[in-house]
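Labels below follow one simple rule: chain letters A, B, ... track the order of the sequence lines, proteins then strands, and each chain is numbered from 1.
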Amino acid sequence: MSVLVFTEAGNGKIRKNSLEAVNYAANIAKTISGSVVAVIDGETDAALLAELGKAGANKVITVAGDAISNGDAAAWASAIEQIAKAENCSVVVFSHDLMGKAIAPRVAVKLKAGCVSGATGIPVAEGGKLLVEKAAYSGKASAVFAISSEKKVITLLPNSFQVQLGSGTAEVAAFNADFSSVKGSVTVKERKTRTAATAPLPEAELVVSAGRGMKAPENWGIVEDLANSLGATTACSRPVADMHWRPHHEHVGQTGVAIRPNLYIAIGISGAIQHLAGVNGSKTIVVINTDKEAPFFKSADYGVVGDAFDVVPRLTEAIKKFKAAQH
Amino acid sequence: MKILVCISSVPDTTTKIVFTPDGTQLNKQGVQFVINPYDEWYALVRALELKEAKGSGTVTLIHAGPAENDAIIRKGLAIGADDAVRIDFDPADSYAVAEQIAAYANGKGYDLILVGKETIDTNSSLVGGMIAEFMQLPFVSLASKLDVNGTTATLETDIDGGTAVVEASLPAVVSCQKGMAEARIPNMRGIMAARTKPLTVVPAANASALTSAVKYTPSEGRKAVKMIDASNMDELVSLLHNEAKVI
């Protein structure tokens with residue numbers, strides 16, 4: 001029995017989420033004494049595929065087609081079903097990201113497979129079941145779910161594990177998928193990408209976020225300076241996005257983007273429970289607030305009581321000094 | 001235009017989460033249940049806006065769950081849905097819920113089936129895609145805009161590092177998120193009208209749960225916060241490097 005893992009490339013490399021998923025698949029393969037088959041768009045630069053072997057894939061299968069390259073989830077699901085059958089795969093792994101959320105539920109139905117999405121722990125085999133840990137109640141709890149079906153689908157919450165690259169190699173083979181059964185159509189008319197020098201929020205390891213305490217949108221310069229000094233991605237609280245001080249895609253929290261970076265620095269954010277729900281998976285939280293009673297301090301690892309306009313530039317300087325000393 | 005809006009019952013966002021002693025389920029004592037916010041704020045309200053803009057059509061709520069959940073269904077009717085269906089069923093997992101809803105919706109001529117982007121209890125984001133697969137329909141996940149023109153829906157959806165404008169042929173399944181609509185508060189007229197709107201209870205079809213909760217554990221709180229003097233940012237940087245090891 002093998003483990004199939006869906007992977008993607010972007011910006012000239014295999015995506016970090018995908019490498020995490022291959023590592024994860026390799027751990028499951030160990031549990032069930034199987035091998036790892038990674039599947040990727042046939043348009044991907046062949047030079048990148050070696051990276052999948054290093055992450056733990058034993059075999060890389062490329063699949064070609066216009067619908068595949070356009071990211072059509074129905075076409076992908078059909079191809080993955082066919083590959084899973086051809087390669088005798090009992091577990092299919094995705095990252096719990098945009099493509100994973102679109103394709104995994106379809107694959108689960110096609111394979112009549114139970115699906116645990118947003119997994120945070122390596123599955124444990126028990127009889128024919130897999131026990132999978134995941135976050136629940138927006139991070140207020142963790143849960144173990146048992147998948148009892150013969151075929152299993154798991155999506156891995158990004159940033160749950162550090163990527164490990166070894167010296168493994170994978171054979172590469174092309175697969176001719178039959179798309180004749182794919183019905184209905186979703187056509188992409190236009191792509192609007194933001195040019196950003198830093199990692200997109202869901203993948204970012206370092207995030208600097210600010211809220212109403214910044215008083216006005218023109219004051220964001222010091223937040224951006226701090227983010228730049230760290231190479232961090234910027235984020236914001238809901239009121240700030242609702243007032244159009246910052247773009248909506250920066251909004252983290254229960255109704256915005258849920259993130260779990262290694263470091264989350266919150267500036268002038270009081271820490272409403274809905275905000276915490278989107279960030280409490282962060283490994284380390286730093287809170288900077290003028291109000292020493294701000295509820296966010298209770299959920300922080302490090303707290304600084306002080307005026308952001310005074311504290312933030314000083315923190316930026318301290319980080320620059322630290323970085324300079326490192327080189 | 002016929003729109004079906006799938007609603008789920010979840011604990012209110014401010015609930016303190018406590019589990020039963022064996023850890024297999026939420027302790028429901030004293031917990032206020034609400035319509036899953038993504039289902040209510042975005043899927044339901046956008047469905048109502050589409051119907052209002054067209055001046056015709058119906059918005060039907062569907063919920064898979066026990067009779068005690070009728071209260072949240074009535075709230076959805078008070079917000080403005082025309083009628084509701086409850087599949088009398090213990091919603092064991094996403095697969096079973098999707099199979100139930102698909103079995104009910106099949107052949108009933110819905111143009112759009114809307115779900116929220118995820119529920120705030122299991123945060124799974126599975127039911128919409130599964131319904132689409134059971135019914136062999138197009139599925140657009142994480143849509144932040146939705147308009148309908150004839151038999152085509154135009155949507156805006158997230159892609160890596162940005163957004164995409166996509167078109168889907170109807171009927172289609174859409175998962176809805178922030179940006180699609182603004183939450184509505186039911187008014188007194190809506191609440192009165194909701195009492196007499198049809199809420200049909202249908203028996204469960206054959207559906208099988210393929211996953212089950214083994215154990216829930218409340219998240220451990222963080223260790224006590226370490227306060228750092230505002231004048232000593234070098235200390236904070238040192239702690240982030242040496243203690244937290246994140247920079």
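For a residue to count as touching a neighbouring chain, one of its non-hydrogen atoms must lie under 4.5 Å from one of that chain's; by this rule B:T13 touches chain A with backbone and side chain alike. For B:P171, no part lies under 4.5 angstrom from a heavy atom of chain A. The contact between B:N123 and chain A is made by backbone and side chain atoms together, counting heavy-atom distances below 4.5 Å. For chain A, the nearby parts of B:L126 are the backbone and the side chain; heavy atoms of each come within less than 4.5 Å. The parts of B:I120 that come within reach of chain A are both its backbone and its side chain, each placing non-hydrogen atoms under 4.5 angstrom from that chain.
For chain A, the option among B:S141, B:A213, B:A153 with the highest count of heavy-atom pairs below 4.5 Å is B:A213. Between chain B and the options A:L206, A:I285, A:L131, heavy-atom pairs under 4.5 Å are most frequent for A:I285. With respect to chain A, the highest number of heavy-atom pairs below 4.5 Å among B:T119, B:T122, B:I228 belongs to B:I228.
The interface of residues 238-247 of chain B with chain A, defined by heavy-atom distances below 4.5 Å, comprises B:L239, B:L240, B:H241, B:E243, B:A244, B:V246, B:I247.
Under 3.5 Å, the side chains of A:N280 and A:K140 contain no donor-acceptor pair of N or O atoms.
Listed by first and then second residue, the salt bridge (charged side-chain N to carboxylate O under 4.0 Å, His left out) pairs involving residues 147-159 of chain B are A:K192-B:E156, B:R46-B:D147, B:K145-B:E156 (not counting sequence neighbours).
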Exercise. Go through B:S208 and A:K112 one step at a time and tell me if the side-chain hydrogen bond (donor to acceptor under 3.5 Å, both in side chains) criterion holds.
Key: CA-CA 10 Å; B:S208 39; A:K112 203 166 178 10; 3.2 Å; yes
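Interatomic distance, OG of A:S78 versus CD1 of A:I103, reported as 11.5 Å (0.5 Å rounding).
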